[in-house]
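Here's the structure we're looking at; comments come further down.
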Amino acid sequence: MDWTKKVSRLMPNWKREAEVRNLGYKVHGNAFSTSTRRVLAVLLEKGLSYESITVDLQSGEHKTESFLSLNPFGQVPVFVDGNIKLHESRAITQYIAYVHSARGTQLLYLQSHETMAILTVWMEIEAHQFDPFASKLTWEQAIKPIYGLETDQEVVKENEAHLEKVLDVYEKRLGKYRFLACNTFTLADLHHLPNIQYLLGTPTKRLFEDRPKVRKWVGEITGREAWKMVCDHEKYWFGKQMK
């Protein structure tokens, strides 16, 4: 850990609160939402302060007129930076990573047009090949039980079969590189974290564990300090709400 990170950790609470006001970043979301967690992961990797504003999904707050004025599609999160209001978690993560490219973890891979293209490809793979199946498995096995709903095992079986094929591709890729886009941690890896974290608490965990290189990659990305902070809801979500 470098000295700047150590100093940041020692920064008194009043200084952190001042930084929130200066940056003006606000995250309207929910601590248990995978998309909200994706945005928090980037903010914490960059060492940025923010104000969290809980949107009660269970009561349907995200479909109210006041929230729809922030995002007409009625989905969390919404990221506010002054007059800029952004939705779609992956667009938000890229915005933050670009704006703060010189700060914290370097999450972009932009040394050349070729490296930029490779990063973009793997972000697209996460969004269109991994996420559709992983999200359905997360919903069925991790989210439904929270609401007292029954898991549909047929849906689980079908989506696990699809996810296995995706992870087979990952296993080959990770035999050549430490991470998906290159040998350093990027947004391509970070975007996977929310669904993977939920699935590690379900029987689907075996799909990651049965593939040695995927298992190692999962262990490395879920073990990152910023991600552990994201998972500490009390401190890094509820503790970030203005009193």
Side-chain angles (χ1 to χ4, degrees), residues 29-30 32-42 45 62 71-79 86-98 107-110 112-144 152 154-200 202 204-208 210-211 213-215 217-218 220-222 227 230:
N30 188 283
F32 304 100
S33 152
T34 54
S35 296
T36 301
R37 289 183 173 191
R38 191 172 287 121
V39 171
L40 293 189
V42 175
E45 285 283 355
H62 55 305
N71 181 0
F73 294 102
Q75 297 173 321
V76 295
V78 172
F79 179 77
L86 302 175
H87 46 86
E88 299 300 330
S89 64
R90 294 169 183 82
I92 297 169
T93 62
Q94 290 179 69
Y95 173 79
I96 296 168
Y98 276 111
L107 297 169
L108 303 172
Y109 187 40
L110 307 179
S112 69
H113 63 278
E114 182 180 350
T115 60
M116 180 186 71
I118 292 170
L119 172 63
T120 303
V121 165
W122 282 97
M123 288 195 293
E124 290 292 306
I125 289 171
E126 182 278 327
H128 301 294
Q129 303 296 332
F130 176 87
D131 187 77
F133 309 124
S135 288
K136 287 179 183 176
L137 289 165
T138 295
W139 167 251
E140 289 292 337
Q141 298 175 97
I143 307 301
K144 268 189 171 182
D152 187 329
E154 285 301 314
V155 172
V156 170
K157 183 179 179 180
E158 177 184 349
N159 282 279
E160 281 192 340
H162 290 303
L163 184 59
E164 283 204 84
K165 294 178 181 178
V166 176
L167 294 179
D168 284 341
V169 174
Y170 282 27
E171 182 73 4
K172 292 180 181 178
R173 175 69 176 178
L174 292 166
K176 299 177 181 178
Y177 299 93
R178 182 179 172 187
F179 297 98
L180 289 175
C182 55
N183 285 318
T184 59
F185 180 77
T186 67
L187 288 179
D189 307 290
L190 181 147
H191 287 174
H192 289 79
L193 279 166
N195 277 312
I196 286 178
Q197 189 67 53
Y198 273 122
L199 293 177
L200 291 179
T202 74
T204 300
K205 177 181 180 179
R206 73 185 188 283
L207 302 188
F208 301 102
D210 288 347
R211 294 162 174 81
K213 295 176 179 61
V214 169
R215 181 176 66 245
W217 169 71
V218 166
E220 189 161 0
I221 65 174
T222 58
W227 182 247
V230 173

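Throughout, numbering of the chain's residues begins at 1 and tracks the sequence. In what follows, every heavy atom counts, from backbone to side chain, and hydrogens, waters and symmetry copies are set aside. Note that the structure is a prediction, hence the values are computed from the model and not measured.
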Q: Decide yes or no on side chain to side chain contact (heavy atoms under 4.5 Å, CB included) for Ile96 and Val39, but give the supporting numbers first.
A: CA-CA 9 Å; Ile96 296 168; Val39 171; 4.3 Å; yes
Q: Determine, step by step, whether Gln75 and Glu88 satisfy the side chain to side chain contact (heavy atoms under 4.5 Å, CB included) criterion, reporting the C-alpha distance in whole Å, the side-chain angles of both residues, the deciding distance to 0.1 Å, and the verdict.
A: CA-CA 8 Å; Gln75 297 173 321; Glu88 299 300 330; 4.0 Å; yes
Q. Which is it for Tyr109 and Met116 under the side chain to side chain contact (heavy atoms under 4.5 Å, CB included) test, yes or no, and what are the steps along the way?
A. CA-CA 6 Å; Tyr109 187 40; Met116 180 186 71; over 6 Å; no
Q | Worked check of side chain to side chain contact (heavy atoms under 4.5 Å, CB included) between Leu180 and His192 | A | CA-CA 11 Å; Leu180 289 175; His192 289 79; 3.4 Å; yes
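To the nearest 0.5 Å, atoms NZ (Lys157) and CG (Asn159) are separated by 13.0 Å. Distance check, rounded to the nearest 0.5 Å: NE2 of His162 to CD of Gln129 gives 11.0 Å.
Within 6.0 Å of NZ in Lys172 there are 12 or fewer heavy atoms belonging to other residues, nucleotides or ligands. In Tyr95, the OH atom is crowded: over 12 heavy atoms of neighbouring residues, nucleotides or ligands sit closer than 6.0 Å.
In this structure, Phe208 and Arg215 have side chains that are not in contact, with every pair of non-hydrogen atoms separated by 4.5 Å or more. Side chains of Pro77 and Ile92 form a contact here, defined as non-hydrogen atoms less than 4.5 Å apart. For the pair Thr186 and Asp189, the minimum side-chain heavy-atom distance is below 4.5 Å. Contact annotation: the side chain of Phe32 approaches that of Arg37 to within less than 4.5 Å [non-hydrogen atoms, C-beta and beyond]. When side chains are defined from C-beta on, Gln94 counts as touching Met123, because their heavy atoms get closer than 4.5 Å. In this structure the side chain of Ile125 never reaches within 4.5 angstrom of the side chain of Val169, judged on heavy atoms. Side-chain contact check for Glu220 versus Arg178: some heavy-atom pair is nearer than 4.5 Å. Using a 4.5 Å heavy-atom threshold, the side chains of Ile196 and Thr222 count as touching.
Glu160 and Thr204 share a donor-acceptor pair across their side chains, judged by distance under 3.5 Å alone. For the residue pair Glu45 and Trp227, no side-chain donor N or O sits within less than 3.5 Å of a side-chain acceptor on the partner. Thr36 and Asn30 share no donor-acceptor pair across their side chains, judged by distance under 3.5 Å alone.
Checking Thr202, Thr34, Asn195 one by one against Thr138, the side chain to side chain donor-acceptor pair (under 3.5 Å) holds for a single residue, Asn195. If you run ring pair (Phe, Tyr, Trp, His ring centres under 6.0 Å) between Trp122 and each of Phe130, Phe185, Phe179, Tyr170, only Tyr170 comes through.
Residues Leu107 and Leu119 approach most closely at O-CD2, 4.4 Å, considering heavy atoms. Summarising the geometry of Ser35 relative to Val76, their closest heavy-atom pair is CB-O, 3.7 Å, with the distance given to 0.1 Å. Nearest heavy atoms, His128 versus Pro132: O-CG, 3.5 Å. Looking at every heavy atom in both residues, Pro72 comes nearest to His87 through CD-NE2, 4.1 Å. Here the closest non-hydrogen pair linking Asn183 and Tyr177 is OD1-CA, 3.4 Å. Nearest heavy atom pair, residue Leu187 against residue Ala97, reads CD1-CB, 4.0 Å.
Taking 4.0 Å as the cut-off between side-chain N and carboxylate O, Arg206 and Glu164 do not count as a salt-bridged pair. Between Arg90 and Glu126 a salt bridge is recorded (basic side-chain N to carboxylate O distance below 4.0 Å).
Asp210 places no side-chain N or O within 3.5 Å of a backbone atom of Leu207 that could act as its donor or acceptor partner. A donor-acceptor pair under 3.5 Å is formed between the side chain of Arg38 and the backbone N or O of His191. The backbone N or O of Asp131 sits less than 3.5 Å from a side-chain atom of Ser135, completing a donor-acceptor pair. Proximity of a side-chain donor or acceptor of Glu171 to a complementary backbone N or O of Val214 within less than 3.5 Å is detected.
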